[in-house]
Amino acid sequence: MAAQFRNNPLPPLQKEIVVVQSRGMERWLNLETARRNGICAHVEYLFPRVFVYQLFRQVIELPEASPFAPEINTWRILQQLPRLLVLPEAKSLTNYVKEDPSGLKRYQLAEKIAETFDRYTIMRPEMVTAWDAGFNPLQADLRESRWQAALWQMLLETETAQSTPPHHAALKKIFLDTPNPPLDLPGRVSVFGISSLPPFYLDIFKKIARQVDIDIYYLNPCREYWEYVYSAKQIARFVEAGFTEDDTYYDRGNSLLASMGSAGREFFSLVLNSIGDTGTELFVKPEGETLLAAVQSDILKLQEHDPAA
């Protein structure tokens, strides 16, 4: 990424946008880019959620901060709890906050629900948009979803002035359905060091990639194709469930990678299936004759280390 900034600089008045997952990564990138290039300036670091909300605001008239953001939604949920707790389906919540003279349990409950709802808008957007329409697709299967859907409707009532519910699930649909949305973005956006991204974000990156370059820098510990590498326990579950190699292909490859690399495998698969090309590969062969180098080399080559070697 530092080489890209140095060899293909943006126009002077355009800032680099780098999407990261933590402030620690932001600080490290600042230092490393400055060390390699001599300077690191005019770079804006954004979390994925903040970045996409800024995109939504360029297409849809929205408040500066979404009322469905967890830090705001916590207080809105706390305000609706008295209405929720009288419902029969919320009996488990009523029992939880029964002895709460200070109100601490109610606040902690509201905070946890707000965080969960926030994840729903990213990880389960179809369910949330169904709630918007007054339909709960999980009502028959998950009893706890009934009070969640009821609470969601209460929160929507407080947003009656909005023609569109200002949460990420609804905004994403509008954004993707807008042909060639007017975007105020630099010539490229870099996504750096993120170990996992839901399809929600990849869909948006694919949309804006028609107008600007999207460079995704991610770690891949193996140079071979390992989308179907699973641990022995996972393969055993497949066999027990009746799957055969005619249904799906699975392989153990490297047992350490299979057992501890599931999150990376899923992200690798998402990127590969969304983009169709892994782009430039920059694998580095581990150096030295240490045990660590041997383990890293086996993972890189997708092979199992011979204990006798």
Side-chain angles (χ1 to χ4, degrees), residues 1-9 16 18-41 43 45 47-48 188-198 201-202 205 213-238 248-309:
M1 188 178 75
Q4 179 80 321
F5 289 179
R6 181 176 62 252
N7 299 329
N8 301 290
E16 295 279 0
V18 182
V19 181
V20 295
Q21 211 162 28
S22 70
R23 291 301 174 204
M25 178 61 76
E26 172 187 340
R27 289 190 292 271
W28 184 83
L29 281 177
N30 258 327
L31 294 172
E32 281 297 304
T33 303
R35 184 178 68 83
R36 294 165 186 264
N37 291 350
I39 188 173
C40 181
V43 180
Y45 298 91
F47 291 153
R188 66 168 167 251
V189 173
S190 303
V191 183
F192 192 93
I194 295 180
S195 58
S196 180
L197 270 179
Y201 293 114
L202 288 176
F205 287 139
D213 291 337
I214 305 296
D215 296 335
I216 300 178
Y217 301 88
Y218 70 99
L219 288 174
N220 182 5
C222 180
R223 69 186 181 192
E224 305 297 335
Y225 185 78
W226 61 290
E227 183 177 0
Y228 297 106
V229 172
Y230 297 97
S231 68
K233 288 184 178 180
Q234 290 172 317
I235 294 176
R237 284 198 295 268
F238 293 155
T248 183
Y249 175 77
Y250 41 78
D251 184 23
R252 290 185 62 176
N254 180 277
S255 57
L256 186 61
L257 180 64
S259 62
M260 302 186 68
S262 57
R265 182 189 67 232
E266 295 303 323
F267 182 52
F268 169 75
S269 299
L270 273 175
V271 171
L272 191 63
N273 294 327
S274 297
I275 301 173
D277 181 13
T278 56
T280 303
E281 297 182 347
L282 300 171
F283 294 107
V284 178
K285 184 179 179 180
E287 297 180 355
E289 298 181 358
T290 64
L291 180 59
L292 176 60
V295 171
Q296 292 173 333
S297 180
D298 285 344
I299 293 175
L300 178 67
K301 300 173 183 176
L302 195 61
Q303 64 185 20
E304 196 74 273
H305 186 71
D306 183 4

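Residues passing the side chain to side chain contact (heavy atoms under 4.5 Å, CB included) test with Y201, sequence neighbours excluded: P48, R49, V52, I122, L197, P198, F205. Under the rule for a side chain to side chain contact (heavy atoms under 4.5 Å, CB included), S196 has no partner lying at least two apart in sequence or in another chain. For L31, there are no side chain to side chain contact (heavy atoms under 4.5 Å, CB included) partners two or more places apart in sequence or in a different chain. In this view, R223 satisfies the salt bridge (Lys or Arg N to Asp or Glu O under 4.0 Å) rule with no residue, not counting sequence neighbours.
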Could you walk me through whether R188 and E16 pass side chain to side chain contact (heavy atoms under 4.5 Å, CB included), step by step?
CA-CA 7 Å; R188 66 168 167 251; E16 295 279 0; 2.6 Å; yes

Applying side chain to side chain contact (heavy atoms under 4.5 Å, CB included) to L302 and Y225, what does each step give before you reach the verdict?
CA-CA 9 Å; L302 195 61; Y225 185 78; over 6 Å; no

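Heavy-atom minimum distance, V271 versus L202: N-CD1, 4.2 Å. Minimum interatomic distance between F192 and M1 (heavy atoms only, all atoms of both residues): CD1-SD, 3.8 Å. In terms of heavy atoms, P221 sits closest to W226 at CD-CZ2, 4.0 Å. For the pair A258 and R265, the tightest heavy-atom approach, listed with the atom from each and the gap, is O-NH1, 4.2 Å.
Residues in residues 25-39 take part in these salt bridge (Lys or Arg N to Asp or Glu O under 4.0 Å) pairs, two or more places apart or across chains: R23-E26, E32-R35, E32-R36.
The CG atom of L300 lies 10.5 Å from the CG atom of L257; values are rounded to the nearest 0.5 Å. Taking CG of L282 as the reference point, atom CG of L219 lies at 11.0 Å (rounded to 0.5 Å).
Between the side chain of S297 and the backbone N or O of A293, no donor-acceptor pair lies under 3.5 Å. Side chain of N254 to backbone of E304: no donor-acceptor contact under 3.5 angstrom is found. In this structure, the side chain of T33 does not engage the main chain of N30 through any donor-acceptor pair within 3.5 Å.
Below 30°, between 30° and 60°, or above 60°: for F267 and Y218 the angle between ring planes is above 60°, a perpendicular geometry.
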Which atom pairs, donor and acceptor, lie under 3.5 Å between side-chain atoms of residues 2-9 and protein residues at least two apart or in another chain?
from: Q4; atom 1: OE1; to: N8; atom 2: ND2; distance (Å): 2.9
from: Q4; atom 1: NE2; to: D215; atom 2: OD2; distance (Å): 3.4
from: R6; atom 1: NH1; to: N37; atom 2: OD1; distance (Å): 2.4
from: N7; atom 1: ND2; to: A3; atom 2: O; distance (Å): 3.2

